[in-house]
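Both counts, for ligands and for their atoms, begin at 1 and track the order of listing. Predicted, not measured: the structure shown is a model, and the values here were computed from it.
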Amino acid sequence: MKKQDRITIIVPCYNEEETIPIFVEEMNKIYTRMKKKYDIQMEYLFVDDGSKDNTLEVMKETAENNPHVSFISFSRNFGKEAAMFAGLENADGNYVVIMDVDLQDPPELVEQMYHEIKNSHYDCIASRRVDRKGESPIRSFFAKMFYKIIRKISKINIMPGARDFRMMTRQMVDSIVSLREYNRFSKGIFQWVGFETKWLNFENRNRVAGTTKWSFWGLLVYAIEGVIAFSTAPLALSSIIGIVFCVIALIMVVIFFVRAMIWGDPVSGWPSLACIICFTAGIQLFCNGITGLYLSKTYSEVKGRPQYIIKTKHQCQKNNSKDSDES
Ligand code: UDP
Ligand code: MG
């Protein structure tokens, strides 16, 4: 007998009391449609990332009314990366999807992803936005810059506009979970583990309710973490800057020596000297900072703290018979 496929949908949530019911309603429509075509069972695994609003209560209520809902609630906000990791560690479906709760990830693509993954050799069907409509121009500009830079300086090839929204095989999920690093940058990890990925394009959508949890500063820190996690180019850059400044200094020594020999050495030029000292000190601090960033990341890795701490957990009913599946 052919085994029924179980799809686990991981949904990280931070202050999403308004969006969860809308998400469940939309996804249930997709699930009902998919069940008519395929022999599947779908489970939603919500991860409450230490929300400060009623997200957990809404999850509890949803789980009471829907036998396909599981949830995990963190003791505090650990960030989306930790929420995704917790989801991946706790998901037991043979196909696993990661999806935002705000419906910016089109739910109808889940059906297409399942169709593609079943009927092809791909291990991952991922999604990418082909535009950034509705996003602020400054944010779009920096996002584009970030992708350009990280593609140049790291070995991994992150697709521009790539979302975390994707369906993966159990084998790929197990590989991702086997990477235990503390400073996680999932977009890089998805690429790093290898396997074959097919990309589905879609046009950007706005949030269905609530507001984005990412500030400009938050995104900048995330971008720096991405670079540090997947490239050591900034360290090399600081060495190169050091070498360039040594060469400039040597040339200056020669020039000033020759000049002093020919025209003597009047005490002048101290303002320019002060500028040079300030400038080189600045460069030195900048390079120290780069080294410090890597050191701090190493420090947090060495401490080996857990990615997240679970406060409450609810596991949905497993192995529901096909008839009792309601959605
Ligand atoms: N999220 C999370 N923890 C956080 C921030 C965000 O779990 O610390 C979740 C959030 O609830 C949503 C997803 O990550 O489901 C994407 O967040 P958001 O929509 O705010 O980001 P954007 O789409 O604006 O990049
Ligand atoms: Mg969003």
I'd like a table of donor-acceptor pairs (distance under 3.5 Å, sequence neighbours excluded) in which one partner is a side-chain atom from residues 213-220, with atom names and distances.
from   : atom 1 : to     : atom 2 : distance (Å)
Lys213 : NZ     : Tyr14  : O      : 3.4
Lys213 : NZ     : Glu16  : OE2    : 3.2
Lys213 : NZ     : Thr211 : O      : 2.7
Ser215 : OG     : Gly218 : N      : 3.0

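- No salt bridge links Glu203 with Arg132; every basic N to acidic carboxylate O contact stays at or beyond 4.0 Å.
- The protein non-hydrogen atom at the shortest distance from atom 24 (O) of ligand 1 is Thr212 OG1, 2.5 Å.
- Look at Lys29 and Glu26 and you find a salt bridge, because one of the NZ, NE, NH1 or NH2 atoms lies within 4.0 Å of a carboxylate O, short of that distance.
- Atoms of ligand 1 found under 4.0 Å from any heavy atom of Asp49, numbered from 1 in the order shown, are 2 (C), 3 (N), 4 (C), 7 (O), 8 (O).
- Between Phe185 and Tyr222, the two ring planes are tilted [angle within 30° to 60°].
- Residues satisfying the ring-ring contact (aromatic ring centres under 6.0 Å, His included) test with Phe23, not counting sequence neighbours, are Phe46.
- If you check which protein heavy atom lies closest to atom 17 (O) of ligand 1, you get Trp214 NE1, 3.9 Å.
- In the vicinity of Asp102, heavy-atom distances shorter than 4.0 Å reach the ligand 1 atoms 19 (O), 23 (O).
- Each protein N, O or S atom less than 2.8 Å from the Mg ion (ligand 2) was counted, giving 2.
- Compare Glu16, Arg207, Arg205 by their heavy atoms: the one nearest to atom 18 (P) of ligand 1 is in Arg207.
- Proximity of the aromatic rings of Tyr182 and Phe85 is defined here by a centroid distance below 6.0 angstrom, and this criterion is not met.
- Counting only residues at least two apart or on different chains, the side chain to side chain donor-acceptor pair (under 3.5 Å) pairs with a member in residues 91-101 are Asp5-Asn94, Arg6-Asp92, Lys80-Asp100, Asp92-Lys318, Asp100-Arg163.
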